[in-house]
Amino acid sequence: MSAGWFRRRFLPGGLLSAPGPSRPRASPVPYRRPRFLRGSGSGPGPADASRRPDARPVRSPARGRALPWNAGYAEIINAEKSEFNEDQASCGKLCIRRCEFGAEEDQEWLTLCPEEFLTGHYWALFDGHGGPAAAILAANTLHSCLRRQLEAVVEGMVAAQPPMHLSGHCICPSDPQFVEEKGIRAEDLVIGALESAFQECDEVIGRELEASGQVGGCTALVAVSLQGKLYVANAGDSRAILVRRDEVRPLSSEFTPETERQRIQQLAFVYPELLAGEFTRLEFPRRLKGDDLGQKVLFRDHHMSGWGYKCVEKSDLKYPLIHGQGRQARLLGTLAVSRGLGDHQLRVLDTDIQLKPFLLSVPQVTVLDVDQLELQEEDVVVMATDGLWDVLSNEQVARLVRSFLPGNREDPHSHGQGSSGH
């Protein structure tokens, strides 16, 4: 995917607009309602919406027309806003090839016979912020990055034990013992490939957004089924759960300024220049006021999971590095997540302070041994962005899934829906 493609897709005429007087920011994409909502006839029409830029009417399909199984809720809310959604999804089959080096050619990619092909399946959700650009790029890029990373280690993945040298040469007779002592298994190569793919995709997004004049970022939640195991990689505040008949098992953890407080504070401790003298890295139960000066108040720093007391100094009155609680917590008063892709140009309002140094693109990867669990047809993996988990608990979602599936067995898309619904 090139920057030229991105400009043509997102900018009318494919040209970057020249700087000029500030004016209300227009959508970079033409308005288009999703096909299944056209002719619904409810609420104000497109002409009315264009005269009311603040309007975001919620549309529903016309009477008698069912909502398509693969339609995300954001398409409904975004129907009058733009052609693209900040929430994006991707799924497909992963075909992993082996790389061989021959004498006549430096590198030759060989597609193996079908029975030797290493295949898997891939599902992903991307929750964008600051515009849809990063989420769209991630949905169109991350799976390719992952395939390349897996192809680079596929020989080690299919071996009984990952070899020290991918070429198979044993320079040191004790190499297999060293690998075994480290506990390195094939699944560790898949985890490493996922982590490297997220990093590579983040770099691609940074280059493309800079070249096309776009901004924004996104969280990323990915599930990969490969060699009898399910790998769930999460960078952000989306969530995946496994719903079984008598069990609900979390498959990911959310990454927010609160959950990663110590990592973020540690970074500010090592590199205080990142705060530009405008923020305090310390956490207090509330924002301190002038009247707190000289008083001993509760606080905690990067090395503390508990709390202590300190005498309030003038520097403690600065805006906190992490402020707010729960879903209201913000990093540098700006962002509600601490991991994700993009946001290379994001800065604190009216300052030159960058948020990117505090953001990680590396996911946390959870591994589920599918063969060992003996999953049944009614067992379902639910992947969703924070829009669902803000209003429903894991148990509530599980009850809905269990009540929905029995009456949906005739739907030809029911298995795909259960695996990758959003």
Side-chain angles (χ1 to χ4, degrees), residues 127 129-130 195 198-199 202 206 216-221 233-239 250 252-366 386 389-390:
D127 184 2
H129 49 260
E195 292 167 336
F198 271 64
Q199 182 70 29
D202 183 58
C218 68
T219 65
L221 175 64
N234 186 42
D237 57 358
S238 295
R239 187 188 307 172
S252 65
S253 301
E254 283 109 287
F255 293 98
T256 67
E258 271 196 321
T259 63
E260 294 207 279
R261 173 189 61 83
Q262 286 182 272
R263 175 186 71 78
I264 294 170
Q265 286 181 319
Q266 170 75 16
L267 190 64
F269 169 73
V270 177
Y271 302 102
E273 64 272 14
L274 293 175
L275 302 182
E278 298 289 337
F279 293 83
T280 174
R281 73 168 189 274
L282 302 181
E283 180 185 13
F284 303 96
R286 63 162 169 81
R287 176 84 185 274
L288 297 183
K289 304 176 182 179
D291 293 342
D292 293 310
L293 278 171
Q295 303 295 318
K296 282 196 171 183
V297 300
L298 285 165
F299 87 106
R300 58 180 176 179
D301 203 350
H302 65 93
H303 61 281
M304 304 166 66
S305 58
W307 291 80
Y309 284 94
K310 79 176 296 286
C311 186
V312 177
E313 305 171 26
K314 190 174 181 180
S315 61
D316 297 326
L317 302 182
K318 296 175 182 177
Y319 200 86
L321 172 61
I322 299 170
H323 184 58
Q325 187 173 354
R327 292 291 180 180
Q328 303 304 316
R330 293 293 183 271
L331 171 60
L332 294 172
T334 304
L335 204 56
V337 294
S338 55
R339 297 198 189 193
L341 307 174
D343 289 317
H344 296 76
Q345 280 75 43
L346 184 60
R347 286 172 168 76
V348 177
L349 184 65
D350 295 330
T351 76
D352 201 37
I353 301 174
Q354 293 184 323
L355 275 83
K356 189 61 176 177
F358 294 97
L359 305 178
L360 280 183
S361 60
V362 180
Q364 180 190 64
V365 183
T366 303
D386 63 334
W389 308 114
D390 282 351

Kindly indicate whether the side chain of D292, heavy atoms from C-beta on, has any atom under 4.5 Å from the side chain of R286. yes
4.5 Å side-chain heavy-atom contact, F279 and I353: yes
Work out which heavy atom in [X] is nearest to a heavy atom in [Y]; give both atom names and the distance.
X    : Y    : value
R330 : A336 : NH1-CB, 3.3 Å
V337 : L359 : O-CD2, 3.7 Å
R339 : T219 : O-CG2, 4.3 Å
S361 : L341 : CB-CD2, 4.0 Å
G217 : D343 : N-OD1, 3.4 Å
L288 : L317 : CB-CD2, 3.8 Å

Side chain of [X], backbone of [Y]: donor and acceptor closer than 3.5 Å?
X    : Y    : answer
R239 : S252 : no
E195 : V362 : no
T259 : E254 : yes
R263 : F358 : yes
T334 : L332 : yes

Test of understanding: with side-chain contact (heavy atoms from CB on, under 4.5 Å), list the residues that count as partners of P272, not counting sequence neighbours. none
Taking side-chain contact (heavy atoms from CB on, under 4.5 Å) as the definition, give me every residue that meets it alongside P250, ordered by chain and number, with sequence neighbours left out. N394
Determine whether D316 and K310 satisfy the following criterion, side-chain contact (heavy atoms from CB on, under 4.5 Å), listing intermediate values before the conclusion. CA-CA 10 Å; D316 297 326; K310 79 176 296 286; 2.5 Å; yes
If you measure from [atom1] on [X] to [atom2] on [Y], what distance do you get to the nearest 0.5 Å?
X    : Y    : atom1 : atom2 : value
K318 : L275 : NZ    : CG    : 8.5 Å
R287 : T280 : CZ    : OG1   : 10.0 Å
R261 : L331 : CZ    : CG    : 13.5 Å
T256 : L335 : OG1   : CG    : 11.0 Å

What residues, two or more places apart in sequence or in another chain, satisfy ring pair (Phe, Tyr, Trp, His ring centres under 6.0 Å) together with F269?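 Applying ring pair (Phe, Tyr, Trp, His ring centres under 6.0 Å) to F269 gives H302.
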How would you list, by chain and number, every residue that makes a ring pair (Phe, Tyr, Trp, His ring centres under 6.0 Å) with H344, sequence neighbours excluded?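 For H344 there are no ring pair (Phe, Tyr, Trp, His ring centres under 6.0 Å) partners, ignoring immediate neighbours.
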So with a 6.0 Å cut-off around CG of D390, is the heavy-atom count from everything else above 12? yes
Greater than 12 external heavy atoms within 6.0 Å of Q325's CD: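 No - once you tally the heavy atoms of other residues, nucleotides and ligands closer than 6.0 Å, there are 12 at most.
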Filter on salt bridge (Lys or Arg N to Asp or Glu O under 4.0 Å), then keep only pairs touching residues 350-366, sequence neighbours left out; what's left? D202-K356, R347-D352
Exercise answer: donor-acceptor pairs, residues 293-301 side-chain atoms, under 3.5 Å, sequence neighbours excluded:
residue : atom : partner : partner atom : Å
R300    : NE   : E283    : OE1          : 2.6
R300    : NH1  : S305    : O            : 3.2
R300    : NH2  : E283    : OE1          : 3.4
D301    : OD1  : R281    : NE           : 2.9
D301    : OD2  : R281    : NE           : 3.4
D301    : OD2  : R281    : NH2          : 2.8

